[in-house]
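Below: one structure, written as structure tokens.
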2 protein chains.
Amino acid sequence: MNFDDKVPIYYQIENHIYHEIITGTLKPGEKLPSVRQLAVDVTANVNTVQRALSEMITAGIIESKRGRGNFVTMETAKIEQLKVQLVTAQLAQVYEQLHALNLSDTEILTSLQQYIQQRGQAK
Amino acid sequence: MNFDDKVPIYYQIENHIYHEIITGTLKPGEKLPSVRQLAVDVTANVNTVQRALSEMITAGIIESKRGRGNFVTMETAKIEQLKVQLVTAQLAQVYEQLHALNLSDTEILTSLQQYIQQRGQAK
DNA sequence: TATAGTGTAATAGTAAAATATAACACTAGG
DNA sequence: CCTAGTGTTATATTTTACTATTACACTATA
């Protein structure tokens with residue numbers, strides 16, 4: 001995995017798995033790879049993976065069944081809620097940051113528009 | 001100061017000062033508070049502040065004058081460039097994250113639009 | 001029932017960030 | 001020249017994330 005050394009690995013693993021759940025790579029009720037396999041996949045330690053999973057279990061997104069494995073919740077409402085939560089967190093962050101740089105609401109919007117346009121051309 | 005324990009303090013201090021420079025709270029050529037005073041201001045250690053400053057000095061945004069103090073660069077072009085850089089980094093992050101959540105370009109834009117609208121109503 | 005695969009937990013060790021503290025080097029002003 | 005204020009650097013210590021390793025608890029199945 002490609003880690004950003006500015007933020008904890010367990011946090012990045014958590015986010016990574018959340019993304020897989022939200023995009024449907026991991027479907028509701030589906031079994032996750034074993035913690036040992038996950039550790040290999042993301043090139044991290046079992047304990048680090050476990051820490052990430054613990055938070056997801058607490059959040060109710062993952063259900064842990066001892067001796068069987070970890071499973072994505074079947075409550076699709078929770079997954080949808082999680083998605084909204086992550087999206088909103090992202091939007092809030094950009095908004096706050098750019099606002100703190102004295103960009104107006106419209107400037108923030110148009111700058112994102114421009115960024116997307118330029119990004120499309122660059123490909 | 002209000003630190004996010006998910007990212008290094010020196011990095012947050014760096015960002016904090018960058019914001020003050022870009023918004024004009026700290027003007028070109030202006031002297032920064034002493035490192036010891038800054039440490040008190042942000043409730044961190046002198047060495048931690050120094051680490052943040054070191055990166056800013058390397059980046060050419062801050063000029064250090066031993067015995068006199070640290071000063072914001074007078075090259076306004078550099079400051080403008082820094083602003084573009086920070087804004088772009090923010091835009092890139094949201095875009096990548098939301099794109100990874102399977103939001104299309106237009107969905108990303110409209111969701112930001114909606115966020116700003118709702119935020120306005122909440123006040 | 002034995003075994004392989006699973007989650008869970010504990011221990012010890014390493015590395016990096018941050019702190020506390022002190023010392024050093026330079027500058028300006030009295 | 002001396003002193004107060006500045007940046008700079010170094011040392012030792014604490015804290016936290018991460019790793020390596022091992023052991024334990026449970027489940028399914030051959």
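Quick note: numbers below take in every heavy atom, side chains included, and nothing from hydrogens, waters or symmetry partners. Just so it is clear: chains get the letters A, B, ... in the order the sequence lines come, proteins before strands, and each one is counted from 1.
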### Task
Give the rounded distance in Å between these two atoms: CD of A/Gln50 and C1' of D/dT22.
15 Å
### Task
Using a strict 4.0 Å threshold on nitrogen-to-oxygen distance, state whether A/Glu20 and A/Lys27 make a salt bridge.
no
### Query
Is there a donor and acceptor pair closer than 3.5 Å between the side chain of B/Asn47 and the base of C/dA17?
no
### Message
Reading DNA chain C from 5' onward, which residue's closest nucleotide shows up sooner: A/Ser34 or B/Val7?
### Response
A/Ser34
### Query
Tell me: CG of A/Asn45 to P of D/dA17, nearest whole Å?
15 Å
### Message
What is the separation between atom CZ on B/Phe71 and atom C1' on C/dC26, rounded to the nearest whole Å?
### Response
13 Å
### Task
For A/Tyr11 and for A/Gly67, locate the closest nucleotide of DNA chain D by heavy-atom distance; then report the residue assigned to the nucleotide nearer the 5' terminus.
A/Tyr11
### Query
Just checking, any donor-acceptor pair under 3.5 angstrom between side chains of B/Asn47 and B/Tyr10?
no
### Query
B/Lys65 NZ to C/dA28 P: how many Å, rounded?
10 Å
### Query
A/Leu38 has an atom CG; how far is it from atom C1' of C/dG5, in whole Å?
14 Å
### A/Thr48 vs D/dT19: side-chain N/O to OP1/OP2 distance below 4.0 Å
yes
### Task
Check whether any side-chain N or O of A/Arg51 sits under 4.0 Å from OP1 or OP2 of D/dA17, and answer yes or no.
yes
### Message
What's B/Asp5 touching, base or sugar-phosphate or nothing? Going by heavy atoms closer than 4.0 Å.
### Response
nothing
### Task
Using only side-chain N and O atoms of A/Arg36, determine if any of them is under 4.0 Å from OP1 or OP2 of C/dG5.
no
### Task
Would you kindly compare A/Pro8 and A/Arg68 by the position of their nearest DNA chain D nucleotide and give the one closer to the 5′ end?
A/Pro8
### Query
Do A/Glu63 and A/Arg68 meet the salt-bridge criterion of a basic N to acidic O distance under 4.0 Å?
no
### Query
Between atom OH in A/Tyr10 and atom C1' in D/dC18, what is the gap in whole Å?
12 Å
### Message
Measure CD/B/Glu55 against P/D/dT8 and give the value in whole Å, please.
### Response
14 Å
### Query
Counting any heavy atom closer than 4.0 Å, what does A/Arg66 reach on the DNA or RNA strands: base, sugar-phosphate only, or nothing?
base
### Task
Please work out if A/Asn70 contacts a base, only the sugar-phosphate, or nothing of the nucleic acid, heavy-atom cut-off 4.0 Å.
sugar-phosphate
### Query
Considering residues, nucleotides and ligands other than B/Tyr11, do more than 12 of their heavy atoms fall under 6.0 Å from its OH?
no
### Query
In whole angstroms, how far is the P atom of D/dA17 from the CD1 atom of B/Ile9?
12 Å
### Message
Are the side chains of A/Glu14 and A/Arg51 in contact, using a 4.5 Å heavy-atom criterion?
### Response
no
